[in-house]
Amino acid sequence: MTSTLSVFTDSPARHLVCRGCGAQFPLAAQHACYECFGPLEVGYDAEALGRVTREQIEAGPQNIWRYAPLLPVGTDPASRVTLDPGLTPLVKADLLAKELGITGQLWVKDDSANPTHSFKDRVVSVALTAAKALGFTRYSCASTGNLANSVAAHAARAGVPSTVFIPADLEPGKVVMSAVYGGDVVAIEGSYDDVNRLCSELTETDEFEDTAFVNVNVRPFYAEGSKTLGYEVAEQLGWRIPAQVVIPMASGELLTKIDKAFSELVEIGLVPDTQWSVFGAQSAGCNPIAVALHKGTDEIVPVKPTGIAKSLNIGDPAAGVYALESVRRTGGWMEYVGDDEIRAGIELLARTTGVFAETAGGVTAAVLKKLVESGKLDPSKETVIFNTGDGLKTLDAVAGTVGPTHRVKPSLKSVREAGLLS
Ligand SMILES: *Cc1c(COP(=O)(O)O)cnc(C)c1O
Ligand SMILES: [Zn+2]
């Protein structure tokens with residue numbers, strides 16, 4: 001693809017900029033710098049961003065597209081490939097706060113309440129809207145599960161063929177949900193990092209020339225979709241930024257983009273200028289970013305992921321160094337938790353908030369607990385934690401630890417004997 005995104009004349013996006021050396025490139029299907037091979041991200045015209053108002057956003061649709069004036073894809077609904085995700089609940093978590101000894105306000109941003117039940121609908125809607133404008137005619141991705149669900153569903157809605165690539169050992173719920181939309185689902189005998197490397201190779205082939213891999217060749221646009229989670233939390237709090245946020249990390253991209261969204265809102269003047277601290281959550285089976293932070297280095301040593309938090313199992317995280325930068329600059333921290341803590345985190349969140357999270361949400365809840373216990377997170381400040389996926393997709397994680405609490409015969413006597421009426 002050689003075309004550029006010139007069609008979105010009302011978008012504030014102006015170029016792709018290298019996160020490594022700052023070199024600029026046109027808005028096109030390119031993800032690595034020709035000078036230094038660094039990753040590219042979308043750069044905006046500050047003046048155009050500065051013209052966006054709260055009123056304009058509040059008058060927009062009840063989904064991520066209310067933030068279209070802050071995204072690289074313009075505001076024309078007819079141009080979109082989307083399931084209209086977003087505006088998910090921000091749940092006040094008073095009982096969880098009490099249980100953990102948190103005295104400040106605590107919230108759970110429940111992004112399982114999206115069309116395919118994870119935050120990935122946000123990134124896919126932005127990536128595929130860009131991909132359509134760039135002329136791509138097949139949609140694809142390298143996925144740890146949720147991304148494949150979302151790409152397949154978006155393609156089905158748009159009537160465009162899809163081919164998604166997943167590790168063969170994914171949870172059954174995520175495999176079924178990728179396949180049900182009718183596209184091709186390719187299970188690779190290897191890890192996510194193998195899948196990702198293969199997809200990078202495929203983008204270079206003639207056979208896949210017309211294919212947008214949302215998190216490979218159009219990755220800069222994909223990544224911008226995550227900003228909407230940050231915008232939404234600020235708007236739902238009445239246009240202010242919380243003091244602390246706890247975010248699960250796979251590639252680390254989501255964390256960096258929530259931080260970027262907060263910075264933009266301050267620069268534009270849509271929220272008061274405040275300090276915030278960003279905290280990252282990983283599992284013990286895949287913790288390369290957190291370990292680098294603990295060691296005080298920028299060098300992220302790739303790992304072979306293990307453990308139940310499969311959606312976060314990226315052993316060689318593409319945005320890891322930028323996640324480290326966000327966390328260090330904002331005075332946050334990172335932690336990781338083992339599988340038993342993840343299961344306990346899922347149950348804790350469910351029991352105290354009514355939110356049933358997938359394993360990634362269990363990681364985040366358990367890391368919140370750990371951060372409070374270690375004193376790294378200030379329990380007197382306002383905190384938002386992000387649940388990025390739905391527990392129904394990873395039922396196996398807790399199926400062995402929860403179940404019926406009583407078993408009785410269908411008679412009053414039997415219920416009485418079980419002690420249920422006393
Ligand atoms: C993809 C994913 C993440 C994190 O993604 P990044 O690669 O760090 O942007 C978090 N939670 C869930 C459930 C995911 O599917
Ligand atoms: Zn560069």
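Atoms within a ligand are numbered from 1 in the order they appear, just like the ligands themselves.
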### Task
Hey, could you give me the CZ/OG1 distance between Phe8 and Thr75, rounded to the nearest 0.5 Å?
9.5 Å

For ligand 1, which atoms, with element, lie under 4.0 Å from some heavy atom of [X]?
{"X": "Glu253", "result": "6 (P), 8 (O), 9 (O)"}
{"X": "Ala360", "result": "11 (N), 13 (C)"}
{"X": "Leu254", "result": "6 (P), 8 (O), 9 (O)"}

### Message
Less than 4.5 Å apart, side chain to side chain, heavy atoms only: is that true for Val123 and Phe221?
### Response
no

### Trace of the side chain to side chain contact (heavy atoms under 4.5 Å, CB included) decision for Leu128 with Val214
CA-CA 7 Å; Leu128 290 182; Val214 296; 3.5 Å; yes

### Summary
min-distance protein heavy atom vs atom 2 (C) of ligand 1 -> Lys120 NZ, 2.4 Å

### Query
For atom 11 (N) of ligand 1, what's the nearest protein heavy atom and its distance?
Thr388 OG1, 2.6 Å

Could you see which bit of [X] sits under 4.0 Å from ligand 1, with heavy atoms only: side chain, backbone, both or neither?
{"X": "Glu358", "answer": "side chain"}
{"X": "Leu312", "answer": "side chain"}
{"X": "Ser251", "answer": "both"}
{"X": "Asn146", "answer": "side chain"}

### Query
Between Gln105 and Lys381, does any side-chain donor sit less than 3.5 Å from a side-chain acceptor?
no

### Contact summary for Phe356 and Leu392, nearest pair of heavy atoms
CE2-N, 3.8 Å

### Task
Give a yes or no on whether the ring-centroid distance for His31 and Phe25 is below 6.0 angstrom.
no

### Query
Does the separation of the ring centres of Trp333 and Phe279 fall below 6.0 angstrom?
no

#### Entry: Nearest candidate to atom 4 (C) of ligand 1, where distance is taken over non-hydrogen atoms, out of Gly280, Ser112, Ala250
Ala250

### Query
Hey, is ligand 1 close enough to Gly252 that some N/O pair sits below 3.5 Å?
yes

### Query
Can you name the one residue among Phe262, Tyr67, Trp239 that meets ring pair (Phe, Tyr, Trp, His ring centres under 6.0 Å) with Tyr231?
Tyr67

### Query
Testing Arg122, Lys260, Arg19, Lys227 for salt bridge (Lys or Arg N to Asp or Glu O under 4.0 Å) with Glu253, which one passes?
Arg19

### Query
What protein N/O/S atoms sit under 2.8 Å from the Zn ion (ligand 2), by chain and number?
Cys18 SG, Cys21 SG, Cys33 SG, Cys36 SG

### Task
Could you tell me whether ligand 1 has any atom less than 4.0 Å away from a heavy atom of Phe386?
no

### Task
Verify, without hydrogens or angle tests, whether Thr353 (side chain) and Ala350 (backbone) share a donor-acceptor contact under 3.5 angstrom.
no

### Query
Taking Gln282 for the side chain and Glu335 for the main chain, is one N or O donor matched with an acceptor at less than 3.5 Å?
no

### Query
Hey, which of Leu237, Ile258, Leu90, Leu87 is the one that makes side-chain contact (heavy atoms from CB on, under 4.5 Å) with Glu232?
Leu87

